[in-house]
Amino acid sequence: MFTVEGVDLSELVTALKIKQFALSGKMSGVLPLDFTDPNKMITRGQLRNDKSLTLRLDQQLADELAQRNMAQGSVVNWLRYLEISRAYASVDMTPQGEMALLAHIEGKNSTRSRQKPVILNYRHWQDLSQLWQSLRFGGTVQDTLEQRANERE
């Protein structure tokens, strides 16, 4: 069982060198690791926000997405700045690095309306092994994780 507590999302986004969005706040969870199962390395892992989170889309990216069509533009405008009160994700991963993520996010965009909730249900599949290799940031993330682990010892 791998437990993650108080992961600072802004530090993680910085370590991954993501420029399309900023994410702040902390998340915790449990990732049940099983190295003996040939089909699942993580089964029903759970991640959740500790307190509120904030998502800010990059202005240029948001503008480009919003211009594609009217419906997409409306959605992007709600997501440009999102104050997230509840975030929950379930994670499964195979030993080959195929990850399935189901997420539920609740929040609001105070720049548009304090009264209207934003509720997102999101499903994502990713081959993490391939992504890790293609982005070539594995060393940076590993260095950051090792540094943080050493600081807590």
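Model, not experiment: these values are computed from the prediction.
Across every non-hydrogen atom of K108 and V118, the tightest pair is CA-CG2, 4.3 Å. Summarising the geometry of L57 relative to F21, their closest heavy-atom pair is CD2-CB, 4.1 Å, with the distance given to 0.1 Å. Heavy atoms only, all atoms of each residue included: I119 and E106 are closest at CG1-CG, 4.2 Å. The two residues D8 and K26 come nearest to each other via the heavy atoms CA-CG, 4.1 Å. Closest approach of S28 to D50, counting heavy atoms only: OG-OD1, 2.8 Å.
The CD1 atom of I84 sits 8.5 Å away from atom OG of S24, with the distance rounded to the nearest 0.5 Å.
Not counting sequence neighbours, H104 has no partner by the ring pair (Phe, Tyr, Trp, His ring centres under 6.0 Å) test. For R48, there are no salt bridge (charged side-chain N to carboxylate O under 4.0 Å, His left out) partners, not counting sequence neighbours.
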Residue pair V30, L47: steps toward the side-chain contact (heavy atoms from CB on, under 4.5 Å) verdict: CA-CA 7 Å; V30 176; L47 299 169; over 6 Å; no
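Side chains of E83 and T54: no donor on one and acceptor on the other come within 3.5 Å.
Around the CZ atom of R44, the shell of radius 6.0 Å holds no more than 12 heavy atoms that belong to other residues, nucleotides or ligands.
At distances below 3.5 Å, not a single donor-acceptor pair connects side-chain atoms of N39 with backbone N or O atoms of T94. With hydrogens and angles disregarded, no donor-acceptor distance shorter than 3.5 Å links the side chain of D34 to the backbone of T43.
In this structure, D63 does not pair ionically with R68, as no charged nitrogen and carboxylate oxygen lie closer than 4.0 Å.
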